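Below is one structure, written out as structure tokens; comments come after it.
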Amino acid sequence: MKSRIIVTGGLGFIGSHTVVALHEAGFEPIIIDNLSNSRLSALDGIENLIGFRPQFAQIDVNDAFALKQLFEEVKPQAVIHFAAFKAVGESVEKPLMYYRNNVGGLITLLEMMKETGIKDVVFSSSCTVYGEPSEIPVKESTETKPAESPYGATKQMGEVILKDNSSWCNTQCLRYFNPIGAHPSAEIGELPLGVPNNLIPYLTQTVAGIRKSLTVFGSDYDTPDGTCIRDYIHVVDLAEAHVSAVKRLLDQSYADSFEVFNIGTGNGSTVLEVIQGFEKATGLPVPHTIGDRRAGDVVKVWAETTKVENVLGWKAKRNLETMLKDAWNWQKKLSERADN
Ligand code: UD1
């Protein structure tokens with residue numbers, strides 16, 4: 001029998017790609033999603049890719065009763081926990097909503113895992129825990145900094161909560177850098193609701209004519225071209241990292257019951273390099289202007305990937321050109337669709 005893996009937030013951007021990667025690796029993914037920031041069309045996309053509709057339950061991770069019922073019915077071997085809010089600016093405006101959902105939801109999930117005897121979890125963390133990093137590339141051992149936003153604080157608190165529960169719960173804590181791109185088939189991808197906050201959906205919507213022009217947030221930073229540097233990672237590579245983390249949990253090959261890995265490529269790109277890269281990859285111009293710095297932006301951050309390569313045995317395979325091409329193919333598909 002296939003190992004069953006519960007994927008909370010399994011219809012979201014990273015979740016949907018991970019569901020497909022789990023299926024391809026021989027697992028049986030079971031999706032939980034409350035559809036607060038995702039759409040059922042993601043399930044259609046997954047179905048088109050894997051050939052059948054995986055089990056899906058419209059459950060909120062704050063709903064202890066529903067979670068427990070599902071866990072007892074499904075008897076999963078592990079949980080991958082994506083379900084959380086992720087907009088930095090919104091978290092500043094609505095901190096309680098973020099703490100309730102991201103921290104409260106994690107606590108409820110862990111309580112129900114404990115009650116039903118599930119011991120293994122993969123947690124979505126973020127490079128935001130390093131703040132403006134004290135060393136670059138950033139290692140897993142690089143000091144974390146006080147969070148700049150409630151969103152960042154919820155990721156730090158999540159890590160602490162999981163670490164404090166390591167007597168019974170085994171965690172693979174994945175600190176994502178900047179996930180972009182989409183499945184090469186363009187069946188699944190990112191579905192930002194409203195005006196996107198993140199660079200790539202804003203860029204692709206601009207090229208698609210939905211937005212007038214992309215604003216580059218600041219060009220006077222201490223970087224080669226003055227714009228911020230990030231470690232962009234293809235969402236399919238990121239999904240595959242989750243498969244490696246689940247295998248490590250189920251094989252019990254971890255060295256510690258709480259382990260942290262950086263999930264990045266190890267390469268940094270400036271905002272202007274991303275724009276030029278997109279123009280080269282697609283042959284399409286990106287209308288853009290230089291604007292003011294965005295409050296709270298880190299100047300430069302990219303990952304040291306030695307630990308994840310040597311210990312988890314995972315390495316990003318897809319380059320920036322592939323990420324940008326796939327992001328554009330997804331945007332073209334979205335523009336043709338009614339639910340855009
Ligand atoms: C942020 C969060 C990260 C979170 C991620 C996903 C921080 C430090 N980072 O990443 O934890 O996981 O969002 O929600 O809190 N940019 C522009 N113009 C735009 C949009 C972005 O120039 O219209 C620039 C930004 O200044 C930045 C880069 O593009 O340099 C990437 O920005 P973005 O995609 O928003 O991601 P982060 O802020 O790096």
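Predicted, not measured: the structure shown is a model, and the values here were computed from it. For ligands, and for the atoms within them, numbers begin at 1 and follow the listed sequence.
Atoms of ligand 1 lying under 4.0 Å from at least one heavy atom of D297, given by number and element, are 25 (C), 26 (O), 38 (O). Below 4.0 Å from some heavy atom of C228 lie the following atoms of ligand 1, by number and element: 30 (O). Atoms of ligand 1 lying under 4.0 Å from at least one heavy atom of N197, given by number and element, are 20 (C), 35 (O). Residue contact check: T128 has heavy atoms under 4.0 Å from atoms 7 (C), 8 (C), 11 (O), 15 (O) of ligand 1. Ligand-side atoms of ligand 1 in range of V88: 2 (C), 15 (O), range being under 4.0 angstrom from any heavy atom. Contact atoms of ligand 1 toward V216: 22 (O) (distance under 4.0 Å to a heavy atom of the residue).
For F13, the closest heavy-atom approach to ligand 1 does not fall below 4.0 Å. Judged by the shortest distance from any of its heavy atoms, G152 lies outside the 4.0 Å radius around the atoms of ligand 1.
In this structure, Y232 and L324 have side chains that are not in contact, with every pair of non-hydrogen atoms separated by 4.5 Å or more. Side-chain atoms of Y130 and I136, non-hydrogen and from C-beta on, never get closer than 4.5 Å to each other. The shortest distance between side-chain heavy atoms of R53 and D44 falls below 4.5 Å.
Closest protein heavy atom to atom 4 (C) of ligand 1: Y151 OH, 3.7 Å. The shortest contact between atom 3 (C) of ligand 1 and any protein heavy atom is with S126 OG, 4.0 Å. Closest to atom 14 (O) of ligand 1 among all protein heavy atoms lies K86 O, 3.1 Å. If you check which protein heavy atom lies closest to atom 36 (O) of ligand 1, you get N178 ND2, 3.2 Å. Distance from atom 28 (C) of ligand 1 to its nearest protein heavy atom, with residue and atom name: Y232 OH, 3.5 Å. Taking atom 24 (C) of ligand 1 as the reference point, the nearest protein heavy-atom neighbour is V271 CG2, 3.8 Å.
Hydrophobic clustering, with ILVMFWY side chains joined whenever heavy atoms are under 4.5 angstrom apart, keeps I118 apart from L250. In the hydrophobic cluster analysis, where Ile, Leu, Val, Met, Phe, Trp and Tyr join through side-chain heavy atoms closer than 4.5 angstrom, V243 is grouped together with I46.
Scanning F177, Y130, Y202, F217 for the heavy atom closest to atom 19 (C) of ligand 1 points to F217. By heavy-atom distance, the residue among V274, T215, T270 lying nearest atom 18 (N) of ligand 1 is T215. Selection from R230, R294, R293 by nearest heavy atom to atom 39 (O) of ligand 1 gives R230.
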Could you tabulate the donor-acceptor pairs under 3.5 Å formed by side-chain atoms of residues 63-71, not counting sequence neighbours?
| unit_1 | atom_1 | unit_2 | atom_2 | d |
| --- | --- | --- | --- | --- |
| D63 | OD1 | F65 | N | 3.4 |
| D63 | OD1 | A66 | N | 3.1 |
| K68 | NZ | E115 | OE1 | 2.9 |

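By the criterion of a heavy-atom distance under 4.0 Å, both the backbone and the side chain of L199 are placed next to ligand 1. Counting heavy atoms closer than 4.0 Å to ligand 1, residue T227 contributes nothing at all. Under 4.0 Å from ligand 1, not a single heavy atom of Y176 appears. Counting heavy atoms under 4.0 Å from ligand 1, residue N198 touches it through both backbone and side chain.
Ring geometry, F52 versus H23: the interplanar angle exceeds 60°, so the pair is classed perpendicular (tilted spans 30 to 60°). Ring geometry for F82 against Y176 counts as tilted: the plane angle lies between 30° and 60°, on a 0 to 90° scale.
A side-chain contact (heavy atoms from CB on, under 4.5 Å) with R230 holds for exactly one of V274, V271, V298; it is V298. Of the listed residues (V301, T270, V299), just one forms a side-chain contact (heavy atoms from CB on, under 4.5 Å) with I229, and that residue is T270.
Cation-pi contact between K155 and F123: present, with separation from the ring centre below 6.0 Å and deviation from the ring axis of at most 45°. Taking the ring centre of F261 as origin, the terminal cationic atom of R175 falls outside the region bounded by 6.0 Å and 45° from the ring axis.
Here the two rings, on F177 and W302, have centers that are 6.0 Å apart or farther.
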